[in-house]
Peer 1: 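Here it is, the structure in full.
In what follows, chains carry the letters A, B, and so on, assigned in the order in which the sequence lines appear, proteins first and then strands, with residues in each chain numbered from 1.
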Protein chains: 2
Amino acid sequence: MTSVLVVDDEPQIVRALRINLSARGYDVLTAFDGKTALSVAVEGKPDVVVLDLGLPDIDGVDVIAGLRGWSSMPIIVLSARTDSSTKVEALDAGADDYVTKPFGMDELLARLRAAVRRKTTQVVDEPIVRTSTFTVDLADKRVHREDREVHLTPTEWGLLEILARHPGRLVSQKQLLQEVWGPMHVNETQYLRVYLAQLRRKLEHDPAHPKHLITEPGMGYRFQL
Amino acid sequence: MTSVLVVDDEPQIVRALRINLSARGYDVLTAFDGKTALSVAVEGKPDVVVLDLGLPDIDGVDVIAGLRGWSSMPIIVLSARTDSSTKVEALDAGADDYVTKPFGMDELLARLRAAVRRKTTQVVDEPIVRTSTFTVDLADKRVHREDREVHLTPTEWGLLEILARHPGRLVSQKQLLQEVWGPMHVNETQYLRVYLAQLRRKLEHDPAHPKHLITEPGMGYRFQL
DNA sequence: GGCCGTCTTTACGCGTTCTTGATGGCCCGA
DNA sequence: TCGGGCCATCAAGAACGCGTAAAGACGGCC
């Protein structure tokens, strides 16, 4: 389900959007100020953000910057300001679209559909991570070992992808568990042992003495190039 | 250099845009009607299109459809119409943005920058995708197998098109469902099974052991050349 | 109204994947 | 030296996802 984060300090606007979006099958998250918006965005990983510029605490442009720091999710700005300098500022800060209040609900919904459509069809340039033994193609979601494709299960891929996106870096057990199994399973460290063993069996020359999928006891795991 | 195709039947608008865009380092192509626009777009492969809806020959929405048939270049619609039904129509036809005349030049430029920024590396310029068994013509929306045309239903084509536009890449179930059936149906994975089976029956030599339409269990599907 | 092509929905068998518990090894501090 | 963490490995049942067939629903067209 597509999830939308609605950020506005006017309750009636939030309410109207919640009703309309829910009715169309969207999952709706809400926030009434900038600080909440940023934290909810981190927690909920929405697919698109509808953001009012006139928030009580943080300037809207700074909220955009805060989101753009780590995510490329589409941002649709709502604002009562019609002057073009504000629009330009918001768009150049990284907003994807700008809708002036008062707005028509069907127009906003259409712009939302357009934003989501763009997001899902766009292709990002993702690297191929290589080790001496195997290569991980993050775009194609494929793994090769000596020119042979290695088949991974969804969970195996989920783990390997996170590790491969941070080559050389220590990734904590908690982070791995949270991203692959969700927040409810951050203590099931046993899962990690089982799946790391499987990955090593599929990818390492000597699974008992791994060269690339390294355990850091008590801390987490490291993808060594 | 980024190239922009400006389509408008009002010469003064085209002129104003040409001057402003050229001054900012864009390469500018122009057309005064829909037919010219479509052919110039094919010839010149612009990076982004600024399109007036009120053209003398073809309805603007049809121009959008004509472009979207083979390309995913960003389209920014210009129009004097402020009613939201027109906006919704244009956006749902595949436009990326909608600007109401009269517009501020700096706002249009900001929206243009936003559109170009969003568009990252695009996958498919070659509108014909070939495998050993069958051929997919993305421009004509036709599929041939051993010189015989294979008839596909709209849904079958929708699926195949998305897969063929990302050859070799794993496309997630969610993305396929979202793009073909819409955001409300991203969990109806059964649809995918049914339609992939139909496509395989029509296109694969041995539908039970597909060579090109590959399932990646739990993750999605892959168009293998 | 009846036909036809298309889309949606249900059901079932089968193979794969996930989860879970058990066992044993290693390292380090007591 | 012993005990407690922490980790690696194995195995087995449960749960899941896939392919397939077929029936029902829908809508356009004659």
Peer 1: Kindly compute the distance separating OH (B:Tyr195) from CH2 (B:Trp181), expressed to the nearest 0.5 Å.
Peer 2: 6.0 Å

Peer 1: Between B:Leu159 (CG) and C:dT6 (C1'), how many Å, whole number?
Peer 2: 14 Å

Peer 1: Mind calculating the distance between CZ (B:Arg193) and C1' (D:dG17) to the nearest angstrom?
Peer 2: 6 Å

Peer 1: Does a salt bridge link B:Arg222 with A:Asp140, judged by any charged N lying under 4.0 Å from a carboxylate O?
Peer 2: no

Peer 1: Starting at NE2 of B:His209 and ending at P of C:dC14, how long is that distance when rounded to a whole Å?
Peer 2: 15 Å

Peer 1: Rounded to whole angstroms, how far apart are CG on A:Leu199 and P on D:dA8?
Peer 2: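 Roughly 12 Å, once rounded to whole Å.
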
Peer 1: Compare side-chain N and O positions of B:Thr215 against OP1 and OP2 of D:dG17 and report whether any pair is under 4.0 Å apart.
Peer 2: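 Answer is no, no contact under 4.0 Å.
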
Peer 1: Calculate the interatomic distance between B:Arg201 atom CZ and D:dG19 atom P; express it in whole Å.
Peer 2: 12 Å

Peer 1: Look up atom CG in B:Leu196 and atom CG in B:Leu160, then write down how far apart they are to the nearest 0.5 Å.
Peer 2: 9.5 Å

Peer 1: Going 5' to 3' along nucleotides 15-27 of chain C, which nucleotides have protein heavy atoms under 4.0 Å from the base (write B), which only from the sugar-phosphate (write S), and which from neither (write -)?
Peer 2: --SBBBBB-----

Peer 1: The criterion is side-chain contact (heavy atoms from CB on, under 4.5 Å); which residues satisfy it with B:Val180, sequence neighbours excluded?
Peer 2: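 Once residues adjacent in sequence are excluded, the partners of B:Val180 under the side-chain contact (heavy atoms from CB on, under 4.5 Å) criterion are B:Thr155, B:Leu159, B:Ile162.
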
Peer 1: Charged N to carboxylate O under 4.0 angstrom, B:Asp33 versus B:Lys35?
Peer 2: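 Here B:Asp33 does not pair with B:Lys35 in a salt bridge, since their nearest N and O are not under 4.0 Å apart.
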
Peer 1: Nearest 0.5 Å please: distance from the CD atom of A:Gln173 over to the CG atom of A:Asn187.
Peer 2: 10.0 Å

Peer 1: Heavy atoms only: give me the nearest B:Asp8-B:Phe32 pair and the separation to one decimal.
Peer 2: O-CD2, 3.3 Å

Peer 1: Let me confirm one number: the CG-CZ distance from B:Leu163 to B:Arg169, rounded to the nearest 0.5 Å.
Peer 2: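 B:Leu163 CG to B:Arg169 CZ: 12.5 Å, rounded to 0.5 Å.
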
Peer 1: Looking at D:dA8, I'd like to know if its phosphate oxygens (OP1 or OP2) sit under 4.0 Å from a side-chain N or O belonging to A:Arg200.
Peer 2: yes

Peer 1: Measure CG/A:Leu196 against P/D:dC6 and give the value in whole Å, please.
Peer 2: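 Answer to the nearest Å: 17 Å.
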
Peer 1: Taking OP1 and OP2 of D:dG17, is either one under 4.0 Å from a side-chain nitrogen or oxygen of B:Tyr221?
Peer 2: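 B:Tyr221 to D:dG17 OP1/OP2: no side-chain N or O under 4.0 Å.
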
Peer 1: Could you measure the distance from the NZ atom of B:Lys211 to the CG atom of B:Leu225? Nearest 0.5 Å is fine.
Peer 2: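 It comes to 14.5 Å.
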
Peer 1: Nearest whole Å is fine: how far is D:dC7 P from A:Leu192 CG?
Peer 2: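 Atom CG in A:Leu192 sits about 9 Å away from atom P in D:dC7.
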
Peer 1: Treat primed atoms plus P, OP1 and OP2 as sugar-phosphate and everything else as base, then score nucleotides 23-30 of chain D 5' to 3': B for base contact with protein heavy atoms under 4.0 Å, S for sugar-phosphate contact only, - for none.
Peer 2: --------

Peer 1: How close or far is atom C1' of D:dC7 from atom CD1 of A:Ile214, stated in whole angstroms?
Peer 2: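 Nearest whole value for this atom pair: 14 Å.
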
